[in-house]
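First the structure, in the form of structure tokens, and then the observations on it.
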Amino acid sequence: MDIQKIETLWTHLHTLGMLDRQGSFTATAQRLGISKAAVSQRIAELEKAAGIPLVQRTTRAVRLTDAGRQLAENTQLAFETIANSFASVRELAEHPRGTLRVTAPVAFSRQHLVPRLTGFLRRHPDIRIELDLSDRLVSLEQEGFDLAIRHTDAPPDTHVAWQLCTTRSLLVASPDYLQRHGVPDRPEALSEHRCLHYPRPRGTAAWTFEQHGARRQGAAQKPARITVPVQGSFAANNSEVLRDIALQGEGIALAPDFSVQQALREGALVEVLPQWRTLGTFGERIYAMRPYSPHVPLAVRLFVAYLRTAFEAGFAHQLKG
């Protein structure tokens, strides 16, 4: 095939690579801003030019053949280079603009991210933020997000992660609940209480604890750990909801500090078992992250820098305030 014929297929090759990443004609069409019929036509024309099937279509799924995947993988780097080069040229104008698609956890966003966005939007009026509030771990590349805010201990190795702040999980209950049911003095005592927990896909509900400040004759001692099965009449996959049920006196909740700090300051909730640290339920750091790429868009860099400044103090000082 001569070079002139190949040059007419650049958009077709890009569409094939996008189809490989998106996994459906509909999602590919939405990502490229064209019709589903146009995607199908480009793939058909590319298959005709190649003389071999590139896509396997079934009633349930679309996937590339071995030849199609090889072609998509071999051309992906070239299109990424083009995109990065174009982005670099646009930034020569030194005026950040465009749409920044961000996904972030619901409770953290409502309570802390959204109230801090105004300063960034006023500083950069030509940057438009589309914020998706979801606790679901989405694929940034497949769903077209530029940045994710994640509450985790271990960012994926394939991503670039900027730490925004540290955080910790707290056991909390209302004074009314503790007056009626007593204050647990050790983790094992939680088996006698109503525990409001964040459900996990597999396994029974259990909280793991590590004791603070264990010492043995002046030498550091490994903190004692204990895992306690918990039970209660309510569970929810949102820390705001757990906090609100705890405020109603319905049990002891385990929630991140950023969800309960206001209630603690006001005395509506009190910390339970403060001498013990919980492990494994929520992460201890909040990150901004995105898949690794040689070029990070200016809007992303500016937004990450703004967030790191906005959250650098974390939440511990607010609990003490």
Side-chain angles (χ1 to χ4, degrees), residues 21-22 31 76-77 80-81 83-84 87-88 91 96 98-117 119-121 123-124 127-170 198 200-201 208 210 237-240 254-259 261 277-318:
R21 294 191 290 276
Q22 298 295 321
R31 182 70 187 274
Q76 180 180 356
L77 181 59
E80 288 178 353
T81 301
N84 291 335
S88 297
E91 289 178 7
T99 299
L100 188 60
R101 298 196 67 223
V102 181
T103 177
V106 177
F108 178 79
S109 297
R110 284 167 45 89
Q111 297 177 63
H112 301 285
L113 179 60
V114 171
R116 288 171 166 85
L117 289 181
F120 181 83
L121 294 173
R123 189 178 303 175
H124 304 287
I127 294 180
R128 178 172 176 261
I129 293 179
E130 290 185 4
L131 180 61
D132 176 80
L133 274 61
S134 174
D135 293 327
R136 180 174 59 94
L137 298 180
V138 302
S139 169
L140 273 67
E141 186 175 23
Q142 288 187 0
E143 301 196 26
F145 288 105
D146 300 294
L147 195 69
I149 310 298
R150 289 286 178 263
H151 189 194
T152 182
D153 290 327
D157 293 337
T158 55
H159 287 52
V160 178
W162 299 269
Q163 181 175 315
L164 303 183
C165 63
T166 59
T167 178
R168 61 192 179 103
S169 302
L170 303 174
Y198 196 106
R200 298 299 175 183
T208 298
E210 180 180 88
N237 64 343
N238 180 276
S239 61
E240 280 185 306
L254 177 58
D257 50 7
F258 58 76
S259 278
Q261 60 177 13
R277 170 175 167 250
T278 60
L279 302 174
T281 302
F282 300 100
E284 296 188 350
R285 293 173 179 81
I286 295 175
Y287 291 94
M289 63 179 72
R290 59 178 274 114
Y292 173 79
S293 64
H295 174 79
V296 179
L298 177 59
V300 172
R301 298 202 305 269
L302 290 172
F303 190 52
V304 168
Y306 178 84
L307 292 179
R308 296 185 75 179
T309 299
F311 288 102
E312 63 182 348
F315 307 102
H317 74 290
Q318 299 182 47

Whether D257 side chain and T167 backbone form a donor-acceptor pair below 3.5 Å: no
More than 12 heavy atoms of other groups within 6.0 Å of R110 CZ: no
Validation row: I149, P105 side chains within 4.5 angstrom (heavy atoms): yes
Close side-chain approach of Y292 to D157, heavy-atom, < 4.5 Å: no
Reference residue F303; test side-chain contact (heavy atoms from CB on, under 4.5 Å); the match among I127, L147, D146: L147
Heavy-atom check, side chain of L298 versus side chain of R301, under 4.5 Å: yes
Closest heavy-atom pair and its distance - L131, A104: CD1-CB, 4.2 Å
Sub-6.0 Å ring centroid separation between Y287 and H159: no
Side chain to side chain, F258 and L113, heavy atoms closer than 4.5 Å: no
Beyond-backbone contact of R168 with R277, side-chain heavy atoms, under 4.5 angstrom: no
Ring centres under 6.0 angstrom apart (F108, F311): yes
Closest non-hydrogen atom pair between R116 and A310, with its separation: NE-O, 3.4 Å
Check: F315 and H112 side chains under 4.5 Å, non-hydrogen atoms: yes
Side chains of Q261 and Q111 in contact at under 4.5 Å (non-hydrogen atoms): no
4.5 Å side-chain heavy-atom contact, S239 and H151: no
Inter-residue atom distance F282.CZ - L170.CG, 0.5 Å rounding: 10.5 Å
Counterpart residues, side chain to side chain donor-acceptor pair (under 3.5 Å), relative to R128 (two or more places apart): E130
